[in-house]
Amino acid sequence: MKHNLNIELLAAKLPPDERLSEIYAKYYEKQCPIDAFPKLVLRVAKSIHDSQNLPMEFLCFVACGIISGTLGRSVKAVKAVNAFEQSPNLFLLGLGASSSGKSASLNILSKPLLDMEASARIEYSIKLAKLREEKQKAKTTIFDGSSDEPKEVPDKEQSEETQSPESDFSTSETPQEPSTKKKEKLIDPTFIVMNATSESIAKQMTENGGLAFSLCAEARGQLAITSGLYKKEGDDTDIYNSGWSGEMIRQNRISRENAEIRNPCLSILWLVQFDAFRNIMVKKDNFKASGFAGRFIYFKSPNEIPFDDGRKIPLDCDALFDWTTQIMYCFDLRMCGDVMKLEATPEASEVFRAFHNEQIALMNGELRSIQDILGKARENAVRLAIIFAMADNLTSIDKTTAQNACKVIKYSLYNAIEFYTSGLLASLENKRIKMEKLLREKGGKLSVSYFDQFKGLHFDEIKGIVSSFPDLYSLRKEGNGRYVYLKELFSNIESDETLN
């Protein structure tokens with residue numbers, strides 16, 4: 001009873017929410033750095049904000065998400081991170097209350113893209129119908145020698161192509177005279193998916209060269225699907241993780257044809273209410289452990305929904321025209337199939353390197369317990385810098401662009417830690433109380449192997465607890481073992497390099 005009382009009193013003195021809040025507030029942007037966004041994004045966002053009373057933060061992030069989804073892998077950043085190349089595909093997740101302007105922001109800014117994709121689908125359907133008609137009619141004429149009338153027999157190559165109308169095709173006039181018609185390859189231009197399972201996304205990606213843009217104005221259902229709603233066990237994140245990284249996707253199916261996607265490129269722009277995020281994404285431990293949560297850029301609506309002041313301000317037609325022109329340029333770049341190389345200057349590369357090392361220091365130190373959502377910071381900063389450079393019509397990623405991208409990612413990380421704090425800290429605190437109780441029962445000192453073998457507390461979890469509460473515990477190596485100390489009983493013992 002005495003031990004339980006001590007634990008309860010100790011827990012009452014430790015508000016982990018406040019402790020971690022103080023830590024991450026020192027390093028990250030608490031306010032959205034609106035001025036860091038590209039000039040075009042600010043112009044169109046300001047026009048919509050003034051006219052429709054929609055939040056600037058939502059509009060700026062949504063605009064970047066739409067440019068990202070439109071570009072796909074048609075642009076690559078080079079010399080930004082050593083020898084690696086980065087595509088601009090981003091995962092963005094915006095949180096807001098009901099009536100905070102989520103759908104309205106997305107509907108206005110995505111209209112040019114949706115119109116262009118719809119037009120491309122119509123053109124594709126017309127060409128596909130014409131191709132099928134030509135393949136149906138195309139026959140090779142030969143004479144069998146027994147009649148003056150020609151005999152029509154299907155050409156083998158044409159038969160094969162009829163089975164796959166999307167493949168390259170050609171027609172022949174006679175056996176002796178090869179066709180002079182240019183071969184044409186039709187690729188389904190559909191790449192926007194909404195509330196789709198991983199199998200549906202994979203199917204779409206196999207038909208259009210491995211590209212997809214998951215776009216949801218209300219992603220409650222999409223988050224449920226991703227968490228494993230239609231699976232017997234596990235979640236549905238594998239295709240997302242691979243699509244973000246560009247790693248080959250292979251799905252083996254019993255009842256349907258297997259899917260194999262080389263060099264996939266998946267972008268995400270999801271908007272959702274806070275309760276759906278808390279009830280699905282925060283509670284799903286594998287979202288963090290698998291790296292799925294750490295791939296996202298997070299943003300949110302203002303705490304208070306603004307009043308309608310009655311002003312009638314028209315939209316800036318020039319800004320909307322320039323926005324449409326930008327999306328059209330990105331869309332054409334995507335459709336042509338070429339890849340533009342955007343080189344980062346040495347100064348920009350150094351900005352990204354320093355930013356990365358800042359995150360690594362925190363992951364190894366004060367924020368060790370939440371390192372799962374910090375690991376992709378530099379990659380996201382480089383990808384966002386591509387979006388900024390494209391929006392500003394820059395020919396390279398310069399130092400200022402890199403700094404602005406890192407500012408926005410710092411703000412995203414602040415949001416991520418704040419969003420996940422409740423779920424992470426509840427788990428952390430439960431494990432801390434468990435460790436504390438065992439330490440007190442065993443005199444204030446226990447080996448890490450004891451926790452691991454008999455109590456289900458692993459070394460990484462113990463390091464996270466000790467890092468988050470350095471005034472309460474220490475971790476040291478002694479001989480061939482590593483030991484945890486309760487500093488209330490061993491006040492002179494500090495952690496050594498084992499913690500790092």
Side-chain angles (χ1 to χ4, degrees), residues 3 6-28 285 288-289 291 294 353-378 410 413-414 416-417 420-421 423-500:
H3 287 161
N6 287 339
I7 293 171
E8 291 172 3
L9 289 174
L10 187 59
K13 298 177 183 178
L14 296 171
D17 288 49
E18 285 79 356
R19 175 175 178 76
L20 279 183
S21 296
E22 290 175 4
I23 292 173
Y24 63 73
K26 292 188 297 184
Y27 300 107
Y28 298 122
D285 288 338
K288 298 182 288 289
R353 188 190 69 83
F355 178 62
H356 172 70
N357 287 339
E358 287 177 13
Q359 311 316 310
I360 296 301
L362 290 171
M363 290 167 66
N364 289 335
E366 290 181 291
L367 298 182
R368 183 188 297 274
S369 61
I370 50 176
Q371 60 182 237
D372 292 334
I373 57 178
L374 305 179
K376 304 297 183 184
R378 173 166 60 172
K410 278 189 173 183
L413 292 174
Y414 181 88
I417 298 170
Y420 281 100
T421 288
L424 289 173
L425 288 177
S427 174
L428 179 68
E429 182 65 4
N430 289 336
K431 292 173 182 177
R432 187 198 67 77
I433 291 175
K434 181 179 181 179
M435 187 180 83
E436 169 99 5
K437 181 179 179 181
L438 292 169
L439 283 170
R440 289 185 179 278
E441 289 175 351
K442 301 295 183 180
K445 175 184 176 181
L446 272 175
S447 69
V448 171
S449 60
Y450 176 83
F451 286 113
D452 193 10
Q453 293 177 23
F454 302 110
K455 301 300 177 181
L457 282 174
H458 305 300
F459 181 49
D460 286 343
E461 295 173 319
I462 291 172
K463 284 199 297 183
I465 295 170
V466 176
S467 297
S468 299
F469 302 96
D471 298 334
L472 300 179
Y473 315 105
S474 55
L475 180 65
R476 295 185 62 86
K477 183 175 181 180
E478 292 184 9
N480 294 325
R482 292 169 292 196
Y483 291 84
V484 183
Y485 292 87
L486 182 63
K487 295 183 79 170
E488 181 183 331
L489 302 178
F490 295 88
S491 58
N492 61 328
I493 295 182
E494 298 293 336
S495 295
D496 60 12
E497 65 277 2
T498 303
L499 193 60
N500 297 320

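Values below: all heavy atoms of this structure, side chains included; hydrogens, waters and symmetry mates excluded. Residues take their numbers from the sequence shown, with the count starting at 1.
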Value rounded to 0.5 Å, distance of OH in Tyr483 from CG in Leu446: 9.5 Å
Only counting residues at least two apart or in another chain, list the ones meeting ring pair (Phe, Tyr, Trp, His ring centres under 6.0 Å) with Phe490. Tyr485
Applying side chain to side chain contact (heavy atoms under 4.5 Å, CB included), name anything that partners Lys410, two or more places apart in sequence or on another chain. Tyr28, Glu29, Phe355, Glu358
Of all heavy-atom pairs linking Ile373 and Leu413, the shortest is O-CD2, 3.7 Å
Rounded to the nearest 0.5 angstrom, the CG-NZ distance for Asp496 and Lys477 is 9.0 Å
List the residues meeting side-chain hydrogen bond (donor to acceptor under 3.5 Å, both in side chains) with Lys487, not counting sequence neighbours, and say none if there are none. Glu494
What heavy-atom pair brings Ser495 and Ser474 nearest, and what distance separates the two atoms? OG-CA, 3.2 Å
Of all heavy-atom pairs linking Tyr473 and Val466, the shortest is O-CG1, 3.7 Å
Hey, could you give me the NZ/CZ distance between Lys437 and Arg440, rounded to the nearest 0.5 Å? 12.5 Å
Can you list everything that forms a salt bridge (charged side-chain N to carboxylate O under 4.0 Å, His left out) with Lys442? Sequence neighbours excluded, please. none
Taken in chain and number order and not counting sequence neighbours, the residues that satisfy side-chain hydrogen bond (donor to acceptor under 3.5 Å, both in side chains) with Asn357 are none
Closest non-hydrogen atoms of Ser467 and Pro470, given as atom of the first, atom of the second and distance, are O-CD, 3.4 Å
Rounded to the nearest 0.5 angstrom, the NZ-CG distance for Lys434 and Leu457 is 5.0 Å
Please determine which of Met435, Arg432, Glu436 meets the side chain to side chain contact (heavy atoms under 4.5 Å, CB included) test together with Phe469. Arg432
Partners meeting side chain to side chain contact (heavy atoms under 4.5 Å, CB included) with Leu489 (sequence neighbours left out): Leu486
Which heavy-atom pair separates Val484 from Val448 by the least distance, and what is that distance? CG2-CG2, 4.1 Å
In Å and rounded to the nearest 0.5 Å, what is the NZ to CD distance from Lys463 to Gln371? 7.5 Å
